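Following: one structure in structure tokens, then a few remarks.
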Amino acid sequence: ARGRRQAMAKFGLLVAAVAAAGLTVRAEEDLVLELHGSGTTNPSRLFWKVQDVLTNRARLPVRMTYRAIGSSNGQREFTGLSPDFTAFTHFGSGDIPMSQSRYDSIQSVGRQFIHVPFLVGAISYFHSYPLPSGGQLALSACTLARIFQRNITMWNDAAIVAENPGVSLAAQPITVLVRSDGSSSTSLSSSYLNLACPTDFVLTPGSGGSPTSNPVWPAGVSRQEGSSNMRNFIKNTPYSIGYLDSGHGHSANLNEVALTNRRGQTLTAKTADIGAAASNFTGVGIPPLNTDSWAQVNLVNADGDMAWPIVTFSYVYVATDLSYLGQSGALLKAFLTYLLSDETQNANSGHLKDFLFFPLPTGLLTRMNTAVAGLIVASNATEFTFESKATTMRYVGAAKYTLSGKREGWNSHVLEDFDQTIGSASATDLEHNASITALVAQIAALNATIQSMSSSSSDDDDSSNDGLAIAAIIISVLAILITLGVYASLSSKISAGNSAAPAYNNPSYAKASTANGATHADDAGYMDVTGTEQKTAV
């Protein structure tokens, strides 16, 4: 009996040990790695896309978020509060370098961090003045300065008319739009006006301590928070003008104001060489050490024949020692590595292109890849490996700490197909949009004429006014018909795209039967567990 009880006890201990081991493994598999950042709204859609891509590629459960709250707020949350200056986020982001005062605060408690520029972006002024097809509005820095200080309040002001010969400008009030929160787009656009026309741009310094960092705007300006709200306001408010990153504006087909650069060239962000200001990155104030202050770095109003005058790097602010984050520190390092990878940076096919951003100059990209590779992770953390879409890393790709391009979510395929469907409609739809824009301009001109005649004509002129009113109505009806045609064309193309055969029905995805079993067609190229590329299928 005693032997039986001892055997049962040993068996119970064995079962408990196995169960405990199983729970340990399960706990590791269930561990959620978290990564949270905040800052500039300009590249927010890029961050969300990259985070979504990496989440789909991870075997372990991960949760990554980014709060688009503006560059200044992103700096504040990464800096933390006095006296300990502990960060509220794992990383911050901004389109301006960390201010000197915040840099000093972080340094005062022994925290070391680096700036990681990951793209080159542009800020533009956009407007909603109705122009005829192919029309362009150009404004000098001094005229813009006077508009944003409310010294020019009408679209037919003599200064605007003089800079736009041949453009019919109506007596319509200008609605000026600025950011309500501290933002890099405010700082950069104001810096441009201050550098290009210091005599006219004389706003009172605001909470940022300078006339370019969140200045005190005059009464009568409208305010919006975030780039998306700025974009939507301009799009939906006739005769308005405001500033935001070029990609946000062009993605909504807003009208961009042409600017004049230091060489006297009048151009838009689409016709300019955005990368020109960043190409000479050694001459824009970048310090020799990555941990030094970058507060003096400035790409605004750079010299060059085709240079765009409002250009900036977008940065990630990140601690040099990520060991306090455990395995999540390795995830943050992988996130930054992917931002600097060819899959993001490639000028022809990278993620940056999707949002009208531009890659880093080669020399700076090399420097930043070295800096990110040197970030410290916890001694018990495992750094992530990347498996590309093109090459299979057999066995390694299945590992827990591999971010595999072979793992994807269905939504990414749906969105990719949708983007291709929308793109196929571009040529015809652009012609329709141009026609609508021209009709809107004609309606505005007719309306101005009617108002002018009605205020000065006698009762005998009723027939003339009636004729103009009827003409305006006819043009409006035509505009509606063309708009309906655009939507009908787009709807038919979307329907056609949705009815297309799914990718997995493509014969190229078929499995080949062999004597040893089914083998995928792409087995002809893979990497083994050592990372050596193999060319022969097994």
Side-chain angles (χ1 to χ4, degrees), residues 40 42-58 64 66 93 95 115-122 245-248 250-251 269-281 299 306 308 311-316 318 332-373 384-393 397 402-409 411-413 415-420 422-424 426 503 522 525-527 531 533:
T40 171
N42 292 344
S44 57
R45 294 175 298 168
L46 170 66
F47 279 146
W48 294 328
K49 179 175 183 179
V50 166
Q51 289 178 341
D52 188 61
V53 167
L54 295 182
T55 298
N56 285 328
R57 295 184 180 186
M64 294 187 278
Y66 180 77
S93 183
D95 303 307
H115 289 70
V116 181
F118 60 95
L119 64 81
V120 179
D245 89 89
S246 303
H248 267 91
H250 287 301
S251 69
K270 280 192 170 182
T271 60
D273 181 359
I274 301 299
S279 59
N280 182 26
F281 65 92
L299 277 64
M306 297 300 293
W308 183 244
V311 174
T312 185
F313 294 123
S314 287
Y315 304 90
V316 167
V318 61
L332 175 51
K333 187 171 181 178
F335 171 74
L336 296 175
T337 300
Y338 187 77
L339 281 176
L340 300 174
S341 71
D342 187 68
E343 198 168 336
T344 299
Q345 294 284 324
N346 189 290
N348 297 316
S349 59
H351 297 313
L352 296 182
K353 185 180 179 181
D354 296 341
F355 305 101
L356 302 179
F357 293 129
F358 298 85
L360 295 180
T362 302
L364 184 58
L365 179 61
T366 300
R367 173 174 169 176
M368 288 303 106
N369 270 308
T370 301
V372 169
F384 284 89
T385 299
F386 290 88
E387 179 184 41
S388 71
K389 289 183 178 182
T391 304
T392 299
M393 299 171 62
T402 297
L403 299 170
S404 173
K406 304 291 184 178
R407 297 189 187 103
E408 289 192 276
N411 287 341
S412 62
H413 287 289
L415 291 173
E416 184 176 346
D417 291 344
F418 184 77
D419 287 341
Q420 292 174 355
I422 296 298
S424 68
S426 59
D522 64 355
Y526 69 92
M527 286 189 175
E533 187 171 4

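The figures that follow rest on heavy atoms only: side chains count, while hydrogens, waters and symmetry mates do not. What you see is a predicted model; the values in this text were computed from it and never measured.
A donor-acceptor pair is defined here as one N or O able to donate and one able to accept, closer than 3.5 Å; no such pair exists between the side chain of S44 and the backbone of T40. Not one N or O on the side chain of D52 forms a donor-acceptor pair closer than 3.5 Å with the backbone of W48. With hydrogens and angles disregarded, no donor-acceptor distance shorter than 3.5 Å links the side chain of T344 to the backbone of L340. Distance alone, capped at 3.5 Å, places no donor-acceptor pair between the S404 side chain and the G397 backbone. Using a distance-only test at 3.5 Å, with no hydrogens or angles considered, no donor-acceptor pair links the side chain of K389 to the main chain of G405. A donor-acceptor distance shorter than 3.5 angstrom exists from the side chain of Q345 to the backbone of F118, with no hydrogens or angles considered.
For D354, the salt bridge (charged side-chain N to carboxylate O under 4.0 Å, His left out) criterion is met by K49, not counting sequence neighbours. The salt bridge (charged side-chain N to carboxylate O under 4.0 Å, His left out) check on R367 picks up nothing, with sequence neighbours excluded. Residues satisfying the side chain to side chain contact (heavy atoms under 4.5 Å, CB included) criterion with L356, sequence neighbours excluded, are H250. Considering only residues two or more places apart in sequence or on other chains, T312 meets the side chain to side chain contact (heavy atoms under 4.5 Å, CB included) condition with D95, L188. When the salt bridge (charged side-chain N to carboxylate O under 4.0 Å, His left out) test is applied to E343, the partners found at least two apart in sequence or on another chain are R57.
The shortest non-hydrogen separation linking F384 to A334 is CB-CB, 4.0 Å. The minimum heavy-atom distance between S279 and A276, with the atom names listed, is OG-O, 2.7 Å. L352 approaches P359 most closely through the heavy-atom pair CD1-CA, 3.6 Å. For the residue pair K406 and T392, the shortest heavy atom distance occurs at CE-OG1, 3.2 Å. Across M64 and L54, no two heavy atoms sit closer than the pair CE-CB, 3.6 Å. Contact detail for P117 and L360: the closest heavy-atom pair is O-CD1, 3.0 Å.
Remark: of the listed residues I274, L299, T271, V120, I274 is the sole one forming a side chain to side chain contact (heavy atoms under 4.5 Å, CB included) with W308.
Using a 4.5 Å heavy-atom threshold, the side chains of L336 and L339 count as touching. Within the 4.5 Å cutoff, the side chain of V316 has heavy atoms near those of the F47 side chain.
Note on R407 versus E387: no salt bridge recorded, every NZ/NE/NH1/NH2 to OD/OE distance being 4.0 Å or above.
Atoms CE and OG1, on M368 and T337 in that order, are 13.0 Å from each other to the nearest 0.5 Å. Rounding to the nearest 0.5 Å places OG of S93 at 9.0 Å from CG of N42.
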Dump the intermediate steps for side chain to side chain contact (heavy atoms under 4.5 Å, CB included) on F335 and L332, then the final yes or no.
CA-CA 5 Å; F335 171 74; L332 175 51; 4.2 Å; yes
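The list of ring pair (Phe, Tyr, Trp, His ring centres under 6.0 Å) pairs with a residue in residues 345-371, not counting sequence neighbours, reads Y338-H351.
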